[in-house]
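Note that ligands are numbered from 1 as they come in the structure, with each ligand's atoms numbered from 1 the same way.
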Amino acid sequence: MLQNVWDPLFLPNILVTNSPTIQDGHKWMLCQQPSFSSQSPNFGTAHSPNFSYSRRNTEQTSITRFSRSPSLPPSRRLTMNHALAIIFTTLSLLKMAVAEEEFCSAPSIVDSGSNSKHLYWKVTNPTLSPSHLQDLPGFTRSVYKRDHALITPESHVFSPLPEWTMTLGAYLITPAMGSHFVMYLAKMQENSLSGLPPYDAERFIFVVQGAVTLTNVSGISHKLTVDSYAYLPPNVDHSLKCDGSATLVVFERRHASLENQPTEQIVGSTDQQPLLETPGEVFQLRKLIPTSIPYDFNIHIMDFQPGEYLNVKEVHYNQHGLLLLEGQGIYRLGDSWYPVQAGDAIWMAPFVPQWYAALGKSRSRYLLYKDVNRNPL
Ligand code: UGY
Ligand code: MN
C-alpha cells in the first residue's frame with residue numbers, strides 16, 4: 001500500500017527528497033500527482049516532471065527526522081518524540097482508514113452530488129478525466145469520421161433546447177453527420193417542460209436519470225423513472241414535465257408512414273420487456289418498440305457479460321445511434337478500435353463494419369437505435 005505524498009504529514013520528508021529510490025533507509029515509490037478523478041493509481045517513469053514520491057507505509061514512520069530539536073535535552077527529546085510519534089501514527093492510521101484502497105487519487109469532480117447510485121448512474125457521472133490523461137490538455141476520445149462517430153462525455157456541449165423550457169440539450173447525432181435521425185441528451189431542470197418535435201417527426205424518449213411526467217392529448221399521465229421510456233407517434237400532442245431534475249436520451253426522425261398503418265403511443269420500462277432469441281449470438285436482447293410494420297425503427301437494449309462479444313462482424317444497411325448505459329469494452333467501427341465506457345455515444349452509418357466486446361468486471365448494456373421495416377430503395 002502507498003501513502004499519498006500529498007498528505008501534509010509527509011511533506012517535510014518530501015521536500016528534502018529527490019532521489020527516485022532509497023532515502024534514509026526508506027523505500028520510495030513513484031506516484032502520480034493527485035488526480036481529480038477517482039481512478040486507480042498510475043505509476044510513471046522516474047524522470048517525469050509530473051510524478052513525485054510516495055513511501056511504503058508498511059515501514060515505521062521516520063518521525064524522529066523532522067521532530068528533531070537540538071536545543072532540548074535527550075530525555076525531553078525522547079518524550080516529545082514519543083508524543084509526536086503517537087499523534088503522527090494515529091493521524092496516519094485515520095488517514096489510511098478513509099483513503100480506501102487508492103492512494104494516488106483525489107475526489108472526483110464529476111460526482112454531481114448524487115448520494116445514491118441509481119441505475120445508469122455512470123451515464124451522468126462519467127469519468128471525464130482519467131488520471132493518466134489529466135495532464136494532456138485538449139485530450140478527448142471523441143472521433144468524427146465519414147461513416148462513424150464516437151462522442152464521449154468530455155466533448156458534450158449543452159445549450160438551451162429550442163421549444164423546451166428550463167432544459168439543456170446536447171445533440172450527439174444529427175443529419176449533418178449523414179443520419180436520418182437525431183439523438184440528443186435533454187437535461188431537464190426544476191419545473192421544466194418539453195417542446196414538440198418537428199411536424200411529422202416521431203419521438204422516442206428514455207429516462208437515464210431522474211423522473212418526468214408524460215401527459216398526452218387525452219390528459220392521461222405517466223410517471224417515467226430511470227429505465228422507463230415512451231414512443232410518441234408523429235403529430236401527437238404531448239408534454240414531458242419535470243419537477244426535479246431528469247436526463248433523457250431522445251431520438252426523433254421523420255416517420256416513414258404507411259397508408260392506414262398508424263403507430264401508437266407506447267410507454268414501458270426495460271425490465272418489463274421479455275428477452276428475445278438471438279440465434280448465433282450470446283448477448284441478451286430486448287426490444288422497446290413493437291416489431292410490427294407500422295414502426296420504422298426500433299430501440300434495442302443489449303446486454304453483454306464481461307468477455308462476451310458480437311459473433312457477427314456486422315455490416316448492414318441500417319443506421320445506428322448507440323448510448324452505452326453500463327460497463328466498458330472495445331467497439332470496432334470500420335478499421336478503428338475504440339475503448340468505450342458508460343456515457344459514450346456512437347453514430348454508425350449504413351455499412352460501417354461494427355463489432356463489440358465487453359470487458360471490465362461488470363455487465364455492458366447499450367441502447368441502440370436501428371431503422372427497420374422499410375425497403376431501403
Ligand atoms: O441489431 C444490430 O444491428 C446490432 N446487433 N448491432 C450492434 O450491436 N452494433
Ligand atoms: Mn448493427
Open item on the list: With a 6.0 Å cut-off on the ring centroids, do His255 and Tyr295 count as close?
Closed with: no

Open item on the list: Tell me if the aromatic rings of Tyr231 and Phe251 count as close, with their centers under 6.0 Å from one another.
Closed with: no

Task: the Mn ion (ligand 2) to nearest N/O/S of Asn318 less than 2.8 Å - done: no

Check: [X] side chain, [Y] main-chain N or O, donor-acceptor pair, under 3.5 Å:
| X | Y | value |
| --- | --- | --- |
| Asp344 | Gln341 | yes |
| Thr167 | Thr165 | yes |
| Glu308 | Gln305 | yes |
| Asn298 | Ile289 | yes |

Open item on the list: For atom 6 (N) of ligand 1, what's the nearest protein heavy-atom neighbour? Residue, atom name and distance, please.
Closed with: Glu314 OE1, 2.7 Å

Open item on the list: Looking only at protein heavy atoms, which one is nearest to atom 1 (O) of ligand 1, and what is the separation?
Closed with: Lys370 NZ, 2.9 Å

Can you name the atoms of ligand 1, numbered from 1 with element, that are less than 4.0 Å from a heavy atom of [X]?
| X | answer |
| --- | --- |
| Tyr331 | 7 (C), 8 (O), 9 (N) |
| Gln354 | 6 (N), 7 (C), 9 (N) |
| His316 | 3 (O) |

Taking heavy atoms and a distance under 4.0 Å, where does [X] meet ligand 1: side chain, backbone, both or neither?
| X | answer |
| --- | --- |
| Leu368 | side chain |
| His300 | side chain |
| Tyr366 | side chain |

Task: Name of the Glu314 atom (N/O/S only) found closest to the Mn ion (ligand 2) - done: OE1

Open item on the list: To 10 degrees, how wide is the angle OE1 (Gln354) to the Mn ion (ligand 2) to NE2 (His320)?
Closed with: 80°

Task: Between Ser362 and Glu326, a side-chain donor and acceptor under 3.5 Å - done: no

TODO: Hey, could you give me the CG/OH distance between Leu324 and Tyr356, rounded to the nearest 0.5 Å?
DONE: 5.0 Å

